[in-house]
Peer 1: 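Would you mind keeping the following structure in view while I ask a few things?
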Amino acid sequence: MADYTIWHNPKCSTSRFVLQALQDARVDLEVRDYLARPPSASELRDALDRLGVAPRALLRRRNTPHDDLGLGDPALSDDALIAAMAQHPALIERPVVFGPQGARLCRPKEAIFDLLAE
């Protein structure tokens with residue numbers, strides 16, 4: 001198992017920047033195209049725990065089915081949001097990086113340098 005894992009979207013410039021920073025740091029890295037290989041609801045729960053955030057903090061709105069699915073409804077439970085992200089991985093904000101010292105949603109992209117410095 002690699003020391004670092006990135007949930008990566010190769011079409012995203014921020015994700016490509018973060019991936020390049022990880023490659024430049026020469027870390028042991030697993031690159032997971034989370035759109036092609038979506039995380040399960042269980043993996044999402046684990047990620048949220050490691051990130052220390054609620055599901056809404058990881059929920060992407062732009063260019064996703066967010067509005068069509070009514071995910072802006074504040075009455076929706078965390079479980080409902082996690083289920084939606086597991087079913088529609090485009091709803092997961094990116095890039096997410098997991099490392100030995102923690103995890104980060106690398107937005108802004110420069111957040112990767114904080115994770116690498118830990």
Peer 1: Could you walk me through whether D67 and R62 satisfy the salt bridge (charged side-chain N to carboxylate O under 4.0 Å, His left out) test, starting with their C-alpha distance in whole Å, then the side-chain angles of each, then the deciding distance to 0.1 Å, before giving a yes or no?
Peer 2: CA-CA 9 Å; D67 293 340; R62 206 172 93 198; over 6 Å; no
Peer 1: Search all heavy atoms of Y4 against all heavy atoms of V27 and return the closest pair with its distance.
Peer 2: CD1-CB, 3.5 Å
Peer 1: Less than 4.0 Å between a side-chain N and a carboxylate O, is that true for E43 and R50?
Peer 2: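 Between E43 and R50 there is no salt bridge, as every charged N stays at least 4.0 Å from the carboxylate O atoms.
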Peer 1: Begin from the C-alpha positions of I92 and L59 and carry the test side-chain contact (heavy atoms from CB on, under 4.5 Å) through to its verdict.
Peer 2: CA-CA 5 Å; I92 302 168; L59 192 61; over 6 Å; no
Peer 1: Check whether any side-chain heavy atom of R37 lies under 4.5 Å from a side-chain heavy atom of D33, and answer yes or no.
Peer 2: no
Peer 1: Apply the test side-chain contact (heavy atoms from CB on, under 4.5 Å) to residues W7 and R94: give CA-CA distance (whole Å), side-chain angles for both, the deciding distance (0.1 Å), then the verdict.
Peer 2: CA-CA 7 Å; W7 286 0; R94 65 196 181 247; over 6 Å; no
Peer 1: Show your reasoning for whether salt bridge (charged side-chain N to carboxylate O under 4.0 Å, His left out) applies to R104 and E110.
Peer 2: CA-CA 11 Å; R104 287 274 193 311; E110 293 81 10; over 6 Å; no
Peer 1: Are M85 and R60 close enough, and set up right, to give a side-chain contact (heavy atoms from CB on, under 4.5 Å), and what steps lead you there?
Peer 2: CA-CA 9 Å; M85 286 188 277; R60 184 172 177 80; over 6 Å; no
Peer 1: Where the side chain of T64 meets the backbone of R61, is there a donor-acceptor pair that is under 3.5 Å apart?
Peer 2: yes
Peer 1: Restricting to side chain to side chain donor-acceptor pair (under 3.5 Å), what partner residues turn up for R26, sequence neighbours left out?
Peer 2: none
Peer 1: Can you find a heavy atom in the side chain of L19 that is under 4.5 Å from one in the side chain of V31?
Peer 2: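 Yes - at least one pair of side-chain heavy atoms lies under 4.5 Å apart.
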Peer 1: Does V18 form a side-chain contact (heavy atoms from CB on, under 4.5 Å) with I112? I'd like the steps, not just the answer.
Peer 2: CA-CA 6 Å; V18 171; I112 188 56; 3.9 Å; yes
